[in-house]
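Have a look at the structure below, then the notes.
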Amino acid sequence: GQQLNQSPQSMFIQEGEDVSMNCTSSSIFNTWLWYKQDPGEGPVLLIALYKAGELTSNGRLTAQFGITRKDSFLNISASIPSDVGIYFCAGLGDSGAGSYQLTFGKGTKLSVIP
Amino acid sequence: GAGVSQTPSNKVTEKGKYVELRCDPISGHTALYWYRQSLGQGPEFLIYFQGTGAADDSGLPNDRFFAVRPEGSVSTLKIQRTERGDSAVYLCASSLYPRMEQYFGPGTRLTVT
């Protein structure tokens, strides 16, 4: 099936720093979703993107839908300890099974050093 | 409002036993999905329901896995003759309509000994 390449795989940052992570695909997506997963919990939806070039914010989080529709970016500003977790990107295509089967990346594990 | 709920949160079973995992979606959501997540991986699609019918069960690994949603709300994932390789977190998600953002439950961690 489709694969999403998510990078970096993990990152350690100081509290207060900004964070950037991205996701790339060999296929076009119509929808990009960013989730955060804490240990022992299910993924929690952070941001949904529906249009190429779209830039959407949710508090300190900002995500962008790439112009080529093959990539997306997530930025976190002024990180705090509760930002620790695994961030997943996921995509939905425009037709067939890809339009409802979420394709996930492998996640970016974020650690924040106080 | 209430999110997606899943029970049990943890299930330990012996190899060869039968297990049922339950999902209660967000009220009013017509689409329901099951995913499986292995350690260090993103969730992988198993099955999708639109209403009461399984619209796509292509992600089920084999015929030991089966899922139902008889009244178009609660769904049960059933695994027969469990194997150690079935150990994973089973996640349920729902969306208002297909092709819309999906909201996940907390998952059921299944361990087959």
Side-chain angles (χ1 to χ4, degrees), chain A residues 1-10 21 23-25 28-51 54 56 58 63 65 72 74 85-109, chain B residues 2-10 21 23-26 29-51 53-61 88-111:
Chain A
Q2 296 184 68
Q3 294 288 326
L4 291 185
N5 297 309
Q6 197 168 346
S7 65
Q9 193 170 11
S10 63
M21 59 189 78
C23 206
T24 60
S25 170
I28 288 173
F29 286 113
N30 273 5
T31 300
W32 283 95
L33 305 172
W34 284 92
Y35 291 88
K36 178 176 184 274
Q37 188 172 28
D38 292 331
E41 301 292 330
V44 174
L45 183 64
L46 299 174
I47 291 181
L49 302 158
Y50 300 103
K51 289 173 58 175
E54 179 181 357
T56 297
N58 178 7
F65 193 139
S72 180
L74 177 69
I86 301 177
Y87 292 80
F88 288 99
C89 61
L92 286 173
D94 60 356
S95 65
S99 67
Y100 52 80
Q101 290 183 19
L102 281 175
T103 298
F104 280 86
K106 291 189 174 182
T108 292
K109 184 175 182 179
Chain B
V4 178
S5 62
Q6 292 186 245
T7 55
S9 55
N10 282 285
L21 312 179
C23 171
D24 204 336
I26 293 172
H29 279 195
T30 64
L32 184 147
Y33 316 80
W34 285 97
Y35 290 81
R36 182 166 72 172
Q37 186 175 26
S38 300
L39 196 63
Q41 303 294 319
E44 293 183 331
F45 172 82
L46 293 177
I47 187 169
Y48 152 56
F49 287 89
Q50 179 55 37
D56 183 348
D57 64 359
S58 62
L60 296 178
V89 175
Y90 289 81
L91 294 164
C92 177
S94 69
S95 64
L96 186 58
Y97 299 113
R99 303 185 179 87
M100 292 183 69
E101 59 269 22
Q102 298 177 20
Y103 296 89
F104 283 82
T108 294
R109 180 175 298 278
L110 176 66
T111 303

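Every chain is numbered from 1 and lettered A, B, ... according to where its sequence line falls, protein lines coming before strand lines.
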field: Working for side-chain hydrogen bond (donor to acceptor under 3.5 Å, both in side chains), residues A:Tyr35 and B:Glu101
entry: CA-CA 11 Å; A:Tyr35 291 88; B:Glu101 59 269 22; over 6 Å; no
field: Contact winner vs chain B - A:Pro43, A:Ala90, A:Gly107, heavy-atom pairs under 4.5 Å
entry: A:Pro43
message: I'd like to know if the side chain of A:Tyr100 reaches the main chain of B:Ala31, judged simply by a donor and an acceptor atom lying under 3.5 Å from each other, with no hydrogens or angles considered.
response: no
Which portion of B:Gln37 sits near chain A, non-hydrogen atoms under 4.5 angstrom: side chain
- request: Between chain B and each of A:Gln101, A:Lys109, A:Gln37, count heavy-atom pairs under 4.5 Å; write down the option with the most.
  value: A:Gln101
query: What are the two closest heavy atoms between B:Leu91 and A:Gly42, and how far apart are they?
result: CD2-CA, 4.0 Å
- prompt: Non-hydrogen atoms of chain A under 4.5 Å away: do they reach the side chain of B:Ser58, the backbone, both or neither?
  reply: side chain
message: To the nearest 0.5 Å, what is the distance between CG on A:Leu102 and OH on B:Tyr48?
response: 12.0 Å
